[in-house]
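Read the structure below first, then the notes.
Predicted model, so just to flag it, every value in this text is computed and none were measured.
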Amino acid sequence: MIFVHITSALAMGGMFFVLWGYLPLVWRLRDPVGRVLAVAVAVLALAWTLRSFWWDWARIFLGSNWPAVRDTMGGLDMNGAFNLLVIVSAYLFLRARLLAIPEPERAHWRWWNAWAHPAQRCIIPWRRK
């Protein structure tokens, strides 16, 4: 169990520093791609930090109350809240990818298929006509 807590502390510390480092960029960057990427990184770092705190550390802080609190919060269903943050982050990363497509081509793409740009590298033609 000590290995889990050491690695969790290092991961949480690293993700907290990532979050702390990217938050100012959310407000300062003027480039839309950079700003959306900064928000996506911040949301993903927040999701990881919260998830790690909940599953690795809350049981230590709550002690014998952990099972009751965990069950009150939905047990494993609590992962859904963390997963929603990851889904928001994935959307933002794909939105930034769409913004990175050159302007003349951008109208042929959407946020959900921007990952397939440029089209010649994909077997399925995802590009809109």
Side-chain angles (χ1 to χ4, degrees):
M1 200 63 150
I2 190 73
F3 178 72
V4 169
H5 290 108
I6 290 171
T7 57
S8 176
L10 291 171
M12 283 179 64
M15 285 293 108
F16 177 77
F17 291 145
V18 168
L19 177 61
W20 192 262
Y22 275 81
L23 273 179
L25 299 179
V26 170
W27 296 282
R28 290 184 188 156
L29 288 176
R30 298 288 176 237
D31 172 51
V33 176
R35 190 173 48 252
V36 174
L37 283 173
V39 174
V41 168
V43 170
L44 190 59
L46 177 65
W48 179 268
T49 303
L50 291 174
R51 183 182 194 127
S52 191
F53 177 80
W54 178 251
W55 289 115
D56 298 335
W57 295 98
R59 70 183 66 217
I60 291 172
F61 296 125
L62 294 171
S64 62
N65 294 323
W66 166 246
V69 172
R70 180 197 61 216
D71 293 344
T72 301
M73 298 297 289
L76 285 177
D77 289 343
M78 188 65 179
N79 281 333
F82 304 124
N83 291 341
L84 285 175
L85 288 172
V86 173
I87 290 166
V88 168
S89 180
Y91 163 76
L92 291 167
F93 277 117
L94 291 170
R95 179 90 178 124
R97 181 61 181 99
L98 175 65
L99 293 172
I101 295 173
E103 187 69 41
E105 297 177 59
R106 197 175 302 153
H108 299 289
W109 298 91
R110 297 292 176 258
W111 70 267
W112 50 268
N113 66 0
W115 61 268
H117 182 268
Q120 63 267 24
R121 70 183 183 147
C122 287
I123 297 170
I124 300 171
W126 291 98
R127 184 176 179 260
R128 284 178 31 145
K129 302 291 183 212

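- For Thr72 (side chain) and Ala68 (main-chain N/O), a donor-acceptor pair under 3.5 Å exists by modelled atom type.
- Judged by distance alone, the side chain of Arg95 and the main-chain N or O of Trp111 form no donor-acceptor pair under 3.5 Å.
- Note that CG of Leu98 is 15.0 Å distant from CZ of Phe93, once rounded to the nearest 0.5 Å.
- Looking at every heavy atom in both residues, Val18 comes nearest to Ala45 through CG1-CB, 4.1 Å.
- In this structure, Trp48 has its ring center at least 6.0 angstrom away from the ring center of Trp55.
- Summarising the geometry, atom CG belonging to Leu94 is positioned 10.0 Å from atom CH2 belonging to Trp115; distances are rounded to the nearest 0.5 Å.
- Among all heavy-atom pairs drawn from Trp57 and Met12, the shortest one is CD1-SD, 3.3 Å.
- Distance alone, capped at 3.5 Å, is enough to place a donor-acceptor pair between the Arg97 side chain and the His117 backbone.
- Taking each heavy atom of Ala38 and Leu25 in turn, the nearest pair found is CB-CB, 3.8 Å.
- Using a 4.5 Å cut-off on side-chain heavy atoms (C-beta onward), Tyr22 and Leu29 make no contact.
- Contact record, Val43 with Leu85: CG1-O, 3.2 Å, taken as the closest heavy-atom pair.
- For the residue pair Arg106 and Ile101, the shortest heavy atom distance occurs at NH2-O, 3.0 Å.
- Residue Leu46 is not grouped with residue Ile87 when hydrophobic side chains (ILVMFWY) are merged at heavy-atom distances under 4.5 angstrom, including chains of intermediate members.
- Going from atom OG of Ser89 over to atom CG of Leu37 covers 9.5 Å, rounded to the nearest 0.5 Å.
- Atoms OG1 and CG, from Thr49 and Leu44 in turn, are 9.5 Å apart once rounded to the nearest 0.5 Å.
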